[in-house]
Asker: 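Please read through the structure below; I'll follow up with questions.
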Number of protein chains: 2
Amino acid sequence: MLEIKAAPLLKYIKKYISLTNEEEAFLLSKLNYRKYLKGQYVVQQGDVCKQINFLISGCTKTFFLDDKGQEHIVLFAIEDWWTSDIGSYITQSGSDFNVQCIEDTEVIQFQYDYEEELYKEIPKLERLFRKMLEKALVSSQKRIVGNFSLSAKEQYLQFKKQYPTIEQRVPQYMVASYLGITKEFLSKIKSQLALES
Amino acid sequence: MLEIKAAPLLKYIKKYISLTNEEEAFLLSKLNYRKYLKGQYVVQQGDVCKQINFLISGCTKTFFLDDKGQEHIVLFAIEDWWTSDIGSYITQSGSDFNVQCIEDTEVIQFQYDYEEELYKEIPKLERLFRKMLEKALVSSQKRIVGNFSLSAKEQYLQFKKQYPTIEQRVPQYMVASYLGITKEFLSKIKSQLALES
DNA sequence: AAATGAAGTTAAACTAGTTTAACTTTTACG
DNA sequence: CGTAAAAGTTAAACTAGTTTAACTTCATTT
């Protein structure tokens, strides 16, 4: 069962490191599969994040609520991406973010409690996680750069270009939240762009 | 020579992993010490970043120039911090950022060309780098959250609280650039804050 | 001590993006 | 199918932050 479900994860892992059959079996024995329905929470603000999740199918948003109760989307995730509150997971402290499913979503979970054991048995996994973190850091920095130097319109165009499939899958007001603007203003931008072309 | 200079780095490393004497000696043999003067560049936009730098003393800013030639500071670094363009270093492609010294600065450098060799000889270093990346990712995400939900005044107060020593060491217009606002507006915020208290 | 330039301040006119509110379109579902 | 709720649009009034420009203060060099 898990073997089949985990196929996309193994494929992903093999891009970074190679595993022997025994290592693969050991790894699988420490993972678990879980299915969430649209609307369900994978992580809730305040909870300690006990796992990181590899998406097999579906789509999630990572967001937080500010003082005024406003939702701010930090990240989307789709198939072959990871999601969790990495800060909470690392420090095992209360999460700053919510991760909620925008579609029915299947994940493979790495448990925090097994992490040390996994590294001990398969030291190569340190390399895998290092590479994953490197990628995450680079895209996080890209986001900061975008926020800094681009107008809302430019950021929207960049978002479309960078994540063409996501725009089709999530409602527009969530795209606005991701861009850090109001849905009304995104609407205005889109009608401007429609006129231009 | 390097042994003495590298003491702060070894102290830093020991917070994450422990090294035998041989490992320490091997590591030191692959590092190098370098001194930069105020104004000099550690990394230049466009160059491939061949090393990551641990600051022994001094202060640097990481910034990029936008289309209009405007400077945007992404990060400061002081003693016991790392600096480089991690994206360029990882992918060995042209850097998006400049790293320039705001004070005379001493660094210990990890060379990209020795990285594999180091990991092979001292696999524990993978863990060290993983932990460093985790920390960097968390603070990068914190920055995104701040950008999103705080007004310029709130961001400034948070910056002061988070990096109390940096404000004293860098000119105010660089703080403004870090916050993503103009120096004029930061000046206004400061005079407002002075009135309030 | 004078002189030059770099850093910081103030204020008026401006603009990108927000707020509010009324309206339309699309989706979900009994 | 019809209806309610969710998502998206439009426009007017507003605000946080920018731009420009003139001025002051501070630091550095001669």
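Chain A is the first sequence line, chain B the second, and so forth, proteins listed ahead of strands; every chain is numbered from 1.
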Asker: Quantified as the angle between the terminal helix axes (five pairs each), what is the overall bend of the helix from dA1(C)-dT30(D) to dG30(C)-dC1(D) to 10 degrees?
Answerer: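 Here the helix ends are tilted 50° relative to one another.
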
Asker: Ring-plane angle category for F148(A) and F64(B), please: parallel below 30°, perpendicular beyond 60°, tilted otherwise.
Answerer: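 Because their plane-to-plane angle is over 60°, the rings of F148(A) and F64(B) count as perpendicular.
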
Asker: Does the side chain of E184(B) come under 3.5 Å of the side chain of S187(B) through a donor N or O and an acceptor N or O?
Answerer: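 Not at all, the side chains of E184(B) and S187(B) share no donor-acceptor pair under 3.5 Å.
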
Asker: Calculate the interatomic distance between I102(B) atom CD1 and dA6(C) atom P; express it in whole Å.
Answerer: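 Distance check: I102(B) CD1 to dA6(C) P gives 17 Å.
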
Asker: Does any donor atom in the side chain of E106(A) or S57(A) lie under 3.5 Å from an acceptor atom in the other side chain?
Answerer: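 Note: E106(A) and S57(A) side chains meet the donor-acceptor criterion.
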
Asker: So which protein nitrogen or oxygen atoms get under 3.5 Å of nucleotides 23-29 of chain D's nitrogens or oxygens?
Answerer:
none

Asker: Within a radius of less than 6.0 Å around NZ of K135(B), do more than 12 heavy atoms belonging to other residues, nucleotides or ligands occur?
Answerer: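 At most 12 heavy atoms, drawn from other residues, nucleotides or ligands, come within 6.0 Å of this atom.
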
Asker: Can you tell me the distance, in whole Å, between the NZ atom of K190(A) and the C1' atom of dT24(C)?
Answerer: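 Interatomic distance, NZ of K190(A) to C1' of dT24(C): 16 Å.
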
Asker: Answer with yes or no whether the side chains of Q155(B) and N147(B) bring together a donor and an acceptor at under 3.5 Å.
Answerer: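 Indeed, the side chains of N147(B) and Q155(B) share at least one donor-acceptor pair under 3.5 Å.
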
Asker: Are S95(A) and D85(A) linked by a side-chain donor-acceptor pair shorter than 3.5 Å?
Answerer: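 Present: a donor and an acceptor within the cut-off.
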
Asker: Let me know the distance between CG of L193(A) and C1' of dT9(D), rounded to the nearest Å.
Answerer: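 After rounding, the gap between these two atoms is 15 Å.
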
Asker: Whole angstrom is fine here: how far is it from CG in N147(B) over to P in dA16(D)?
Answerer: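 From N147(B) CG to dA16(D) P: 18 Å.
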
Asker: Which parts of nucleotides 25-30 of chain C does protein reach within less than 4.0 Å, heavy atoms only, written one letter per nucleotide 5' to 3' as B for base, S for sugar-phosphate only and - for none?
Answerer: ------

Asker: Would N53(A) and Q109(A) count as having a side-chain donor-acceptor pair, cut-off 3.5 Å?
Answerer: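 Q109(A) and N53(A) do have a side-chain donor-acceptor pair below 3.5 Å.
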
Asker: Which of residues 162-189 of chain A sit near DNA chain D, with a heavy atom under 4.0 Å from it?
Answerer: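 By residue number: P171(A), Q172(A), Y173(A), E184(A), S187(A).
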
Asker: Pick from W82(A), F54(A), Y119(A): which one makes a ring pair (Phe, Tyr, Trp, His ring centres under 6.0 Å) with F110(A)?
Answerer: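 Among the candidates, only W82(A) passes.
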
Asker: If only side-chain N and O atoms count, and only distance matters, is there a donor-acceptor pair under 3.5 Å linking Q92(A) with K50(A)?
Answerer: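 Indeed, the side chains of K50(A) and Q92(A) share at least one donor-acceptor pair under 3.5 Å.
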
Asker: In terms of ring plane angle, is the pair Y89(B) and Y112(B) parallel, tilted or perpendicular, where the classes change at 30° and 60°?
Answerer: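 Plane angle over 60°, so perpendicular.
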
Asker: Taking atom C1' of dG17(D) as reference, at what distance in whole Å does atom CD of Q70(B) sit?
Answerer: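 After rounding, the reported distance stands at 13 Å.
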
Asker: Would you say the side-chain atoms of Q51(B) and N32(B) include a donor-acceptor pair closer than 3.5 Å?
Answerer: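 No, N32(B) and Q51(B) have no side-chain donor paired with an acceptor closer than 3.5 Å.
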
Asker: With sequence neighbours left out, what residues match R169(A) under side chain to side chain contact (heavy atoms under 4.5 Å, CB included)?
Answerer: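 C59(A), I78(A), E79(A), E103(A).
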
Asker: Do the numbers put K30(B) on top of the ring of Y114(B), so that NZ or CZ is under 6.0 Å from the six-membered ring centre and no more than 45° off the axis?
Answerer: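 Positive - K30(B) is close enough to the ring of Y114(B) and near enough to its axis.
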
Asker: Go through residues 148-161 of chain B and report each residue with a non-hydrogen atom lying under 4.0 Å from DNA chain D, sorted by number.
Answerer: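 Per residue number, the list reads S151(B), A152(B).
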
Asker: For the residue pair Y163(A) and Q168(A), confirm or rule out a side-chain donor-acceptor distance under 3.5 Å.
Answerer: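 Side chains of Y163(A) and Q168(A): no pair found under 3.5 Å.
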
Asker: Do the side-chain N and O atoms of S140(B) and S140(A) include a donor-acceptor pair separated by under 3.5 angstrom?
Answerer: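 Note: S140(B) and S140(A) side chains meet the donor-acceptor criterion.
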
